[in-house]
> 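Would you mind keeping the following structure in view while I ask a few things?
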Amino acid sequence: MLTIHSDAHRLHHGAGEFYRGRIVPCFEMPARVEQVLASVTARGLGAVVAPKAHGRAPLERVHAGDYLDFLASAWDEWTALGETGDALPYAWPARDLRADRAPDHIDGKLGFYSIDAAVPITAGTWQAVQASADCALTGAAAVLGGERAAFALCRPPGHHAGPRAMGGFCYLNNAAIAVQAMRDAGVARVAVLDVDYHHGNGTQAIFYDRADVFFASIHGDPAVEYPFFAGFADETGSGAGVGCNLNLPLPWGTGADAYGAALDTACAAIAAHGAQALVVSLGVDTFAGDPISHFRLDSPDFTRIGARVAALGLPTLFVMEGGYAVGDIGTNVGNVLEGFARG
Ligand SMILES: NCCCCCC(=O)NO
Ligand SMILES: [Zn+2]
């Protein structure tokens, strides 16, 4: 299985995120990728290649142009204030406030184009997120070119990023950008399986009113878990997309048996959708040892996830999302990929 990886991810390393009333060190750190890369390499899963640069056009197929302009210029506007630390939002257009236009000031733009304060912008963030999207696009091209599967070792992750907003460590929705590239290359029906511990609210939003892309997500119950305001079972799609969105929220403490049952439900729905290609938003923060999550999967369970995905028999692109138990992330991601490869 081909792995696509860019060293440019190192250009993004937030100093902190605002969480529970204080700035805490970023759980989404460069070491995550190094651990996964070491595992993929040690297991001999396949070649590791650099991404091909795809430019802005594929990004615009998913994200609003003004949002991309914001991401490209945010750091310069921030430092023009005399700031030297990370840019972080502190005001948002919540209820009763206007969200029909972006403010002129960077402090207003940071809130307008985000859903939370877990998205530090640094000097290298724009370069890093473009490279991350290029990893996903290069992986999609490999799968479209005949590879049974590919692994886009994306960092920063993307599944919380919607068409016009960043959030939850995510800036560009790598998985959605890959899906849209597959659709633009002529794949009529694509499915997304999001196995990250957190609901992929951004991916859901991007495809919510579409029947050509089926979105299935298994995640911590948003009644008690980030992103809190999306991911409920009654979100089934809108317009032409009704019935093409499947949320399977699970309670804190969920273990392998309940998770496996939900995965079977999601896979059956994906098979019924008649997808010709599959993109897996691969978060491994469902791991029992994850510092910010509350499921109870053990490392061998990830092998079973990979095997279950393989049973779908679809050309598959794995896109790296979350997972913050840095000492175990390599084992857990490698187990998914190896379980798939042997499946
Ligand atoms: N404190 C914000 C929590 C962000 C969740 C990041 C993640 O792993 N999403 O999948
Ligand atoms: Zn997550």
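Counting starts at 1 for both ligands and their atoms, in listed order. Residue numbers run from 1 in the order of the sequence given.
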> Are the side chain of Tyr67 and the backbone N or O of Met166 linked by a donor-acceptor pair below 3.5 Å?
yes
> Under a strict 4.0 Å criterion on non-hydrogen atoms, which protein residues are in contact with ligand 1?
Glu17, Tyr19, Ala118, His159, His160, Gly168, Phe169, Asp196, His198, Tyr226, Asp285, Tyr324
> Would the distance check show the side chain of Ser39 and the main-chain N or O of Gln35 forming a donor-acceptor pair, the cut-off being under 3.5 Å?
no
> Could you go step by step and tell me if Arg43 and Asn335 meet the side-chain hydrogen bond (donor to acceptor under 3.5 Å, both in side chains) rule?
CA-CA 10 Å; Arg43 296 171 189 233; Asn335 282 356; 2.9 Å; yes
> Who are the side chain to side chain donor-acceptor pair (under 3.5 Å) partners of Asp7, not counting sequence neighbours?
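Residues passing side chain to side chain donor-acceptor pair (under 3.5 Å) with Asp7: Arg10.
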> Under the ring pair (Phe, Tyr, Trp, His ring centres under 6.0 Å) rule, what pairs show up with a residue in residues 297-343, not counting sequence neighbours?
Phe169-Tyr324, Phe318-Phe340
> For Asp107, enumerate each residue passing the salt bridge (Lys or Arg N to Asp or Glu O under 4.0 Å) test, keeping only those at least two apart in sequence or located in another chain.
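Asp107: no salt bridge (Lys or Arg N to Asp or Glu O under 4.0 Å) contacts found.
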> Only N/O/S atoms count here: what is the atom of His198 closest to the Zn ion (ligand 2) called?
ND1
> May I have the angle between Asp285 OD2 and Asp196 OD1 with its vertex at the Zn ion (ligand 2), rounded to 10°?
100°
> In sequence, state the C-alpha distance, the side-chain angles, and the governing distance for His160 and Tyr226, and then conclude on ring-ring contact (aromatic ring centres under 6.0 Å, His included).
CA-CA 10 Å; His160 294 304; Tyr226 183 92; 4.9 Å; yes
